[in-house]
Enquirer: 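Okay, handing you the structure first.
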Amino acid sequence: MSTNPYAHPNPSPQPDGSLGDLNDAQRGAVTHAGDALLVVAGAGTGKTRVLTRRVAWLIQQGLAPYRILAITFTNKAADELKRRLEELPGGAQVWAGTFHRFGSFLLRRHGADIGIDPGFTILDRDDQLSILKAIYKDLDIDPATPRPVEALSMISHVKNGGGGRPPLDLTAPGIAASFDALREHYIARLRQADLLDFDDLLLETVRLLTECPHIAEQYHQRFGHVLVDEYQDTNVVQRDLLLRVLGPDAGITVVGDPDQSIYRWRGAAVRNILEFDQDFPDAEQVLLERNYRSTGHILGAAESVIERNKGRHAKRLFTEQDDGALVKLTRCRNGEDEGTVAAQQIANWQDAGRRLDQIAVFYRVNSMSRGIELALNQRRIPYVVVAGTEFFQRREVKDALAYARLVANPKDEAAFLRVVNKPRRGVGAASLRKLRDFAAMHDLALGTAASRAEEAGMSKRAANGVKRFLALLERVRAMPVAPVAPILEALLEGSEYRATLQDSPDDLDRSRLENVDELVAYAREFGKQEPEGDLRTFLERAALVSDQDGYERGTGRVSLMSVHAAKGLEFPCVLITGAEMGYFPHARSLGDPAGEEEERRLFYVAMTRAQEELSVTHAARRQTYMGEEHRVPSPYLNDVPSSRLDNQDFAAWGAPAAWSEARQPDPDAFDFELPASASHPSEAMAALQHEAAVRESGPGLEVGERVLHPYFGAGRLEAVSGAGEDARVTIDFDAFGQKQLLLRHARLEKLP
DNA sequence: GGAAAGACATTTTTT
DNA sequence: ATGTCTTTCC
């Protein structure tokens, strides 16, 4: 069996329809003839290939491509699917996209039947928050009681049926009343301004299909087969939507892996996949267990981690590849060391012939990217951060889009609030307050009320500013709705938004200008690709793109990303950082058994992204915003049999002399200071010697005392045996259970 | 009304 | 350490 992952056959449909490149299970899934099929596809078992080929097979069986609905988790996955299907006659007519996009598609067409203006605007989280904050002001609610973000999560929670743990404790005194008021106002506000949030996109579609049987019927007729990818991450509303769009004669195929369900916190219901046969009693199930991605040690290590979860769908992955390299586990003293190790690991892989774009570094929280970035910068290792502040999330891009949204939907309150005073037009908080009062009194949307600024009692200056603002929007509304780029340009020029950035003394604003220009360029590209594409389509595109959609392969750089962002990707070399309690599992999920199981799955997902090399680091101490903290290695590491591990200590990586001449950074090129341990080996040694001295003097331990071990964390001293050099201690560690250690090596500290 | 300075909390993951 | 929200002063 080849160990080269690139040797695997391309998953594109074979033009001749042959299935010879599939294994038995895959072939069974592709050619399943019944109405309902569940494909439980373990990590790296060829899930995407099966999905694509099944669509191809359905078409070959005579199902018209436009009668196929394929729902994916990201737009990128949908585009990828479409690209592969293009080789097939009619393949481009398959409807492929995310649940949200499908909802949006139906609501634009039929929303009017349930009182939704087809010109609705889609709100993202920022927009939702700005509306909610405005409501806080109107209702004079103390932003400390439920904080706006919490209230927002709670609103979403309630909208989605309220299963699981509520993000907000409504039993706290005084909260419930203000929350209900908030929620009601929020919903009314969105209604009034033709705004839909992400939840509404799904919920309103369900309502449409429920309240309008004739429309539902139309789609029952149309879709002969529905396929859903990543089914383990669908929520109850998505399942509901699926059941309603599916006609009595339609077939359904869902693909997923319960072990990779990592979006429970967002409302994903693993139940959907685990109890698929309850929704579809005659469903058949195909299990894909042969992994083509990873070498033996990597897969084995990952399996031994996931095995510990309770209530799993029975499944055991295997590979026919060689064992390959051991999983390397490196203990670092602190976060800086970890950065050094990351850089060095990357360099080592590079020396072994890897390209940088075959390497990925994962972390649990996005904020951890900073330390890694710093270390890679110092060594001039090119990298790309996937996600982070993504393009469409940038303030200036959102500002520009807000202008455009107001052109498309004059009632868009979130957009109005965002840019009515950007750049400054003399419309401050006091004026807005007057405007809101006036709007509320006459039951108008904010944008509508604005045209009567004087009546609202605004100052002359403010009223003037608002007038200029509205005049610009009117002017642009008179322009044709396509192409989009000129619309954006007219707005940016007419509002002087562009000019303000250009003239700003702040360099940050200058770089913002570039982003604004990039947005215009993006719009121009959009116009080229879709000559018919109007403003509305463009805005929808912008609202529904995700961070993951931005990821591109073959950049010649190392990829840095959160584990969540890594889902669905694979890399020859993977480095998982921060494998510690608090990250894996995350501190927030401690004490919640279901949450902890999800954390384990998350670590499993991280491990199974690796094809040939998997390296894991953890730090004994880490600097947080509250100061330096002790860190305990992730308990998941303990589940990996030591026969699959290559244990390393930061010290074992050797002094910075190990850096090859060629990679030695140019000292003049950096304004950063290298970490002491890297730039001055002697200092590092001094530190180690100091530690040793502390150790020898010893903390005079007694049985029953709490102690701290730099590796295993806190524990209780159970017993002492032997004496002098051979003294051994037995310690019951909180996170690792009982261990016997040589006292002289244990580096114990006494805990109060 | 706006700018600047200061207080303050913030860190999970995101369609 | 950073960014956001609030306060203060012009």
Side-chain angles (χ1 to χ4, degrees), chain A residues 71-78 97-104 122-126 128-130 133 136-137 143-144 147-149 152-153 156 160 167 196-202 230 233-235 237-238 261-268 335 362-371 374 386-390 392-393 395 421 423-434 458-462 464-465 506 508 543-549 561-567 578 582-590 592 595 598-599 601-603 605-606 622-627 629:
Chain A
I71 312 258
T72 54
F73 195 67
T74 62
N75 295 302
K76 196 176 144 226
T98 62
F99 272 106
H100 290 89
R101 198 171 265 190
F102 180 64
S104 182
I122 300 168
L123 293 185
D124 70 7
R125 212 185 142 76
D126 272 12
Q128 295 178 292
L129 219 47
S130 77
K133 282 179 185 163
Y136 268 76
K137 282 188 188 152
R147 288 208 313 278
V149 271
L152 193 59
S153 319
S156 174
N160 284 297
L196 298 184
D197 63 24
F198 286 132
D199 296 328
D200 294 333
L201 243 26
L202 304 176
E230 308 278 18
D233 286 325
T234 52
N235 64 26
V237 182
Q238 287 165 335
S261 161
I262 55 173
Y263 286 101
R264 195 185 79 99
W265 52 273
R266 203 169 80 187
F362 300 158
Y363 32 78
R364 177 62 222 271
V365 295
N366 277 122
S367 59
M368 268 189 72
S369 76
R370 217 183 299 140
L374 190 70
V386 178
T389 348
E390 191 247 355
F392 284 97
Q393 309 259 62
R395 197 186 313 167
N421 202 29
R424 305 232 174 309
R425 293 185 184 89
V427 191
S431 302
L432 281 180
R433 167 126 228 172
K434 283 177 194 154
M458 285 167 73
S459 71
K460 202 157 198 177
R461 171 158 57 152
N464 250 323
D506 191 345
L508 216 68
L544 294 178
V545 290
S546 76
D547 285 358
Q548 292 200 3
D549 293 330
M561 67 189 85
S562 71
V563 179
H564 282 88
K567 181 178 136 161
Y583 286 141
F584 296 102
H586 194 276
R588 287 268 286 248
S589 61
L590 289 178
D592 167 17
E598 175 147 311
E599 296 293 320
R601 292 195 291 268
L602 195 58
F603 197 67
V605 167
R622 198 179 283 283
Q623 193 69 43
T624 73
Y625 65 94
M626 335 178 55
E629 288 182 339

Enquirer: Under 4.0 angstrom, heavy atoms only, what part of the nucleic acid is A/Ala430 near: base, sugar-phosphate, or nothing?
Expert: sugar-phosphate
Enquirer: Please classify the nucleic acid contact of A/Arg424 as base, sugar-phosphate, or nothing, using heavy-atom distances under 4.0 Å.
Expert: sugar-phosphate
Enquirer: Taking any heavy-atom pair under 4.0 Å as a contact, classify A/Ser431: base, sugar-phosphate, or nothing.
Expert: sugar-phosphate
Enquirer: Between A/Arg101 and A/Leu544, what is the shortest heavy-atom contact and its length?
Expert: CA-CD1, 3.9 Å
Enquirer: Not counting sequence neighbours, which residues clear side-chain hydrogen bond (donor to acceptor under 3.5 Å, both in side chains) with A/Asp197? List them please.
Expert: A/Gln128, A/Lys159, A/Tyr186
Enquirer: On a whole-Å scale, what distance lies between the P atoms belonging to B/dT11 and C/dT6?
Expert: 16 Å
Enquirer: On the ring face of A/Phe73, is A/Lys567 found with NZ or CZ under 6.0 Å from the centre and within 45° of the axis?
Expert: yes
Enquirer: Sticking with atom P, work out how far C/dT4 lies from B/dT13, rounded to a whole angstrom.
Expert: 15 Å
Enquirer: For B/dT14, does OP1 or OP2 lie under 4.0 Å from any side-chain N or O of A/Asn366?
Expert: yes
Enquirer: Could you tell me whether A/Asp199 contacts a base, only the sugar-phosphate backbone, or nothing, with contacts defined as non-hydrogen atoms closer than 4.0 Å?
Expert: nothing
Enquirer: How would you label the contact of A/Arg125 with the nucleic acid (heavy atoms, under 4.0 Å): base, sugar-phosphate, or nothing?
Expert: nothing
Enquirer: So for A/Trp265 and B/dT12, does any side-chain atom that can act as donor or acceptor lie under 3.5 Å from a complementary atom in the base?
Expert: no
Enquirer: Under the side chain to side chain contact (heavy atoms under 4.5 Å, CB included) rule, collect the residues that match up with A/Ala543, sequence neighbours excluded.
Expert: A/Ile122
